[in-house]
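Notes to accompany the following structure.
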Amino acid sequence: MEALLCRKLGDPTVDLEDSSSPIVLSKNHPIPELHSPTSVRVRIKATSLNFANYLQILGKYQEKPSLPFIPGSDFSGFVDAIGPKVSNFRVGDPVCSFAALGSFAQFIVVDQTQLFRVPEGCDLVAAGALAVASGTSHVALVHRAQLAPGQVLLVLGAAGGVGLAAVQIGKACGAIVIAVARGAEKVQLLKSFGVDHVVDLTNENVTESVKEFLQTRRLKGVDVLYDPVGGKLTKESLRLLKWGANILIIGFASGEIPVIPANIALVKNWTVHGLYWGSYKIHRPHVLEDSIKELLSWLARGLISIHTSHSYRLSEANLAFAAIKDRKVIGKVMIVFDEKFTRSKL
């Protein structure tokens with residue numbers, strides 16, 4: 001089978017044919033065997049690239065697997081083979097899931113308890129982008145912040161994978177959603193998702209723009225801050241939070257880790273949530289399971305959607321990583337295993 005191997009740490013945007021590339025396309029990698037009676041082998045249809053995958057190959061992610069490894073996390077596809085004690089799935093079933101590693105390959109083996117059946121009405125490629133980005137935002141907003149109808153949600157980095165998911169989940173929860181992004185194209189997309197107010201960082205100041213909107217709507221401030229960006233943008237956004245607000249720390253795409261003053265958090269009764277989604281698989285697996293099932297239901301019913309701006313073959317993985325590095329992605333970037341392949345939408 002084809003598989004993408006990370007042989008060393010480094011920049012995954014380098015051409016795969018270049019000897020300096022940390023990743024290499026193996027065309028004769030062994031197809032994984034079923035390793036237990038409840039194992040399921042999936043022929044992968046689509047797998048999503050996340051910012052965490054990019055950081056992992058750079059060696060800058062919190063989890064550092066032993067080399068060599070096959071990167072990749074969330075995926076979708078069809079059941080290819082099952083162990084003798086598998087009762088939940090049959091060969092040919094459409095499924096999706098996520099793994100710590102291994103989805104940048106044509107086949108992957110997981111236990112049946114880790115798989116989710118993709119319901120009718122769901123696009124299978126879209127399901128391959130659901131788990132990590134939408135799962136992160138769903139657990140953060142619904143499970144941790146307990147976002148309620150009528151509350152004000154401020155989403156930073158709103159046109160990225162987790163940000164766009166947060167915007168849609170916020171609307172599905174009945175919140176008033178304020179989105180922060182950069183560029184006319186991203187602003188237009190966010191407006192098409194029904195966002196109540198969009199701040200374009202190209203020509204607007206976050207504090208001024210949001211305060212003006214809040215005043216117009218006679219709102220006291222932001223109830224929930226969703227922050228995958230960090231840096232100066234976090235510091236500016238703190239000025240907009242009301243008493244009792246929830247702060248969701250998702251990541252630091254800006255490269256700068258912000259400082260949240262503990263004295264102000266005390267006076268204003270803020271709750272700061274650190275959200276490392278992957279660790280729920282160890283500590284609260286039932287939360288992830290319930291979250292993904294609800295998201296699949298929402299996807300099937302059209303309450304949320306997956307916006308894919310770029311699609312690539314596995315042999316073009318460096319281009320996919322470059323799209324993430326250069327911040328060209330709006331929503332998700334995918335690797336699709338399909339003879340009828342469609343190039344990037346951009």
Side-chain angles (χ1 to χ4, degrees), residues 133-134 136-142 144-254 258 260 264-265 268-273 275 298 303-305 307 327 329-331:
S134 297
T136 295
S137 297
H138 186 270
V139 170
L141 294 171
V142 177
R144 296 292 289 276
Q146 298 182 16
L147 184 66
Q151 287 191 320
V152 178
L153 168 65
L154 175 60
V155 181
L156 307 184
V162 293
L164 199 55
V167 161
Q168 294 187 67
I169 291 167
K171 295 301 295 182
C173 291
I176 299 166
V177 179
I178 303 171
V180 179
R182 187 183 297 275
E185 186 179 8
K186 294 177 180 179
V187 169
Q188 193 60 41
L189 176 67
L190 289 162
K191 287 181 178 178
S192 74
F193 280 104
V195 171
D196 297 274
H197 181 66
V198 184
V199 181
D200 185 352
L201 291 176
T202 305
N203 51 35
E204 291 183 285
N205 175 272
V206 172
T207 305
E208 293 175 1
S209 180
V210 174
K211 279 186 175 180
E212 183 178 344
F213 169 77
L214 293 172
Q215 289 171 0
T216 301
R217 296 285 289 267
R218 296 183 179 178
L219 298 166
K220 294 182 179 179
V222 171
D223 296 283
V224 179
L225 170 63
Y226 184 94
D227 184 8
V229 178
K232 295 179 181 178
L233 200 53
T234 303
K235 185 177 180 180
E236 287 185 44
S237 300
L238 294 179
R239 301 170 186 166
L240 301 165
L241 303 186
K242 66 192 295 187
W243 186 96
N246 284 279
I247 301 170
L248 295 162
I249 305 299
I250 307 300
F252 314 108
S254 68
I260 299 176
I264 299 178
K268 293 197 174 183
N269 279 266
W270 290 342
T271 301
V272 181
H273 303 267
L275 197 286
W298 287 3
L303 293 177
I304 61 171
S305 63
H307 181 81
R327 303 187 186 281
V329 176
I330 303 177

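Please read these numbers as outputs of a predicted model, since none were measured by experiment. Scope of the values below: all heavy atoms of this structure, side chains included, with no hydrogens, waters or symmetry mates.
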On a heavy-atom basis, which atom in G163 and which in V155 lie closest, and how many Å separate them?
O-CG1, 3.7 Å
Describe, in one word, how the ring planes of H307 and F193 are oriented to each other, choosing from parallel (under 30°), tilted (30 to 60°) and perpendicular (over 60°).
perpendicular
Run the side-chain contact (heavy atoms from CB on, under 4.5 Å) test on T234 and F252 for me, step by step, so that the C-alpha distance in whole Å, both residues' side-chain angles and the decisive distance to 0.1 Å come before the verdict.
CA-CA 10 Å; T234 303; F252 314 108; over 6 Å; no
Do L214 and V152 come close enough that some side-chain heavy atom pair is under 4.5 Å?
yes
What are the two closest non-hydrogen atoms of T202 and G183, and how far apart are they?
OG1-N, 3.2 Å
Would you say the side chain of V177 lies within less than 4.5 Å of the side chain of Y226, judging by non-hydrogen atoms?
no
Roughly how far apart are F213 CZ and L240 CG, rounded to 0.5 Å?
12.0 Å
Going by an N to O cut-off under 4.0 Å, is there a salt bridge joining D196 and K171?
yes
Indicate yes or no: at least one non-hydrogen side-chain atom of L154 is less than 4.5 angstrom from one of S237.
yes
Could you check L189 against L164 for side-chain contact (heavy atoms from CB on, under 4.5 Å), going step by step and ending with a plain yes or no?
CA-CA 10 Å; L189 176 67; L164 199 55; 4.1 Å; yes
Keeping the roles fixed (side chain from S254, backbone from V229), state whether a donor-acceptor pair exists under 3.5 Å.
yes
Any chance you could measure I250, atom CD1, to L156, atom CG, to the nearest 0.5 Å?
10.5 Å
Between CD1 of I176 and CG of D223, what distance do you get to the nearest 0.5 Å?
8.5 Å
Trace of the side-chain contact (heavy atoms from CB on, under 4.5 Å) decision for I249 with I260
CA-CA 11 Å; I249 305 299; I260 299 176; 3.8 Å; yes
N246 side, atom CG; W270 side, atom CH2 - distance, nearest 0.5 Å:
12.0 Å
Give the C-alpha distance, both sets of side-chain angles, the deciding distance and a yes or no for side-chain contact (heavy atoms from CB on, under 4.5 Å) between I247 and D227.
CA-CA 8 Å; I247 301 170; D227 184 8; 5.6 Å; no
Could you tell me the separation between the CD atom of Q168 and the CH2 atom of W298, rounded to the nearest 0.5 Å?
10.5 Å
Taking all non-hydrogen atoms of both residues into account, name the closest pair between K186 and V329 and its distance.
CE-O, 4.4 Å
Side chain of S209, backbone of N205: donor and acceptor closer than 3.5 Å?
no
Heavy-atom pair with the smallest gap, counting every atom of A179 and L190:
CB-CD1, 3.9 Å
Rounded distance (nearest 0.5 Å) linking atom CD of E236 with atom OG1 of T207
5.0 Å
Heavy-atom closest contact (V167 atom, A158 atom, distance):
CG2-CB, 4.0 Å
Closest non-hydrogen atoms of G170 and L153, given as atom of the first, atom of the second and distance, are CA-CD2, 3.8 Å
